[in-house]
Amino acid sequence: VVAIDPLWYGISPIEKFQKSKNFTILVGEISDKYIMEKAMQGVDSIIHLAGLSNDPSSEINQEFTEKQNIENRKR
């Protein structure tokens, strides 16, 4: 498993997974081409979970939410 995460909430939510030899965390954003290329090396399946999914986040910055949920996913 390769995860891309900006760690907005710190490492603690995923810290327990780091102990697994089958887990790699890449700190960054899905909008970063380099991170995406690195993450997809040797990968045969992708599950996109990077969307912002609550109304308050969308209301704070609609443009960022659309970019994160629509544009960055296309890449």
Side-chain angles (χ1 to χ4, degrees):
V1 173
V2 179
I4 300 171
D5 196 308
L7 299 180
W8 291 340
Y9 303 104
I11 191 72
S12 61
I14 59 172
E15 201 167 27
K16 63 184 174 188
F17 299 110
Q18 285 189 293
K19 297 174 184 173
S20 171
K21 64 181 180 176
N22 297 320
F23 181 82
T24 302
I25 179 74
L26 300 175
V27 179
E29 298 276 346
I30 63 169
S31 60
D32 183 323
K33 182 180 176 181
Y34 170 77
I35 293 273
M36 290 298 291
E37 287 175 357
K38 186 174 179 180
M40 293 197 292
Q41 291 177 1
V43 171
D44 54 69
S45 298
I46 297 172
I47 300 172
H48 180 268
L49 300 173
L52 299 174
S53 61
N54 60 52
D55 291 338
S57 294
S58 299
E59 291 170 3
I60 290 171
N61 189 333
Q62 185 176 355
E63 183 178 324
F64 176 77
T65 302
E66 287 179 12
K67 183 177 180 186
Q68 188 73 358
N69 290 357
I70 299 169
E71 296 304 317
N72 290 339
R73 194 178 121 241
K74 290 177 184 177
R75 197 177 309 224

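No hydrogens, no waters, no symmetry mates; every other heavy atom, side chains included, goes into these values.
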With side chain to side chain contact (heavy atoms under 4.5 Å, CB included) as the test, would you mind laying out the steps for I35 and E29 before giving the verdict?
-> CA-CA 7 Å; I35 293 273; E29 298 276 346; over 6 Å; no
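- Once rounded to the nearest 0.5 Å, the distance linking CD1 of I11 with NZ of K16 reads 12.5 Å.
- Across all their heavy atoms, I4 and A39 have their closest contact at CD1-CB, 3.6 Å.
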So I25 and I14, side chain to side chain contact (heavy atoms under 4.5 Å, CB included) or not? Walk me through it.
-> CA-CA 9 Å; I25 179 74; I14 59 172; 3.4 Å; yes
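- Contact between D5 and L7 at its shortest, heavy atoms only, is OD1-N, 2.6 Å.
- For the pair K33 and M36, the minimum side-chain heavy-atom distance is 4.5 Å or more.
- Counting heavy atoms from C-beta outward, L26 and V2 have side chains that approach closer than 4.5 Å.
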